Amino acid sequence: MHAVFKYNPSMHNVVQVGEGDYNSCRVSGPSRTYTSGNDHIQLSRGGKAFFICSLPGHCQQGMKIDVTA
Ligand SMILES: [Cu+2]
C-alpha cells in the first residue's frame with residue numbers, strides 16, 4: 001500500500017515524521033522529506049504514518065495528515 005501526495009512543489013513539501021513531531025508540527029526527530037509534487041510513498045502495513053508540510057505555518061494551519069495502512 002502506498003500514499004500519493006500531489007501538490008505544487010514550489011509551495012509545499014511532504015515530510016514523514018514521528019507522532020510527536022506530527023502533533024507539535026515540528027521536525028525534530030527522524031524524518032524523510034519529499035519534494036516532487038507527485039510523491040508515491042510506500043507504507044508499512046498495520047502501522048500509522050504521519051505527514052506534515054514543513055513550510056512555515058502550513059502544518060499549524062492544518063496541512064498535515066496521519067494515515068493508517
Ligand atoms: Cu505547505
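Whatever order the structure lists ligands and atoms in, that order sets their numbers, starting from 1. No experiment lies behind these values; they were computed from the predicted model shown.
Within a radius of less than 2.8 Å around the Cu ion (ligand 1), the protein N, O or S atoms are H12 ND1, C53 SG, H58 ND1, M63 SD.
Looking at D39, its side chain never comes within 3.5 Å of a backbone N or O of I41 through a donor-acceptor pair.
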Listing, residues 61-68 side-chain donor-acceptor contacts under 3.5 Å, not counting sequence neighbours, or none:
{"from": "K64", "atom 1": "NZ", "to": "Y22", "atom 2": "O", "distance (Å)": "2.9"}
{"from": "D66", "atom 1": "OD2", "to": "K48", "atom 2": "NZ", "distance (Å)": "3.1"}

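Side-chain contact annotation: N38 with S36, donor-acceptor N/O pair under 3.5 Å absent.
Identified under the side-chain hydrogen bond (donor to acceptor under 3.5 Å, both in side chains) test for residues 23-34, with sequence neighbours left out: D21-S28.
V4 forms part of no hydrophobic cluster, judged by ILVMFWY side-chain heavy-atom separations under 4.5 Å.
Nearest heavy atom pair, residue H58 against residue M11, reads CE1-O, 3.3 Å.
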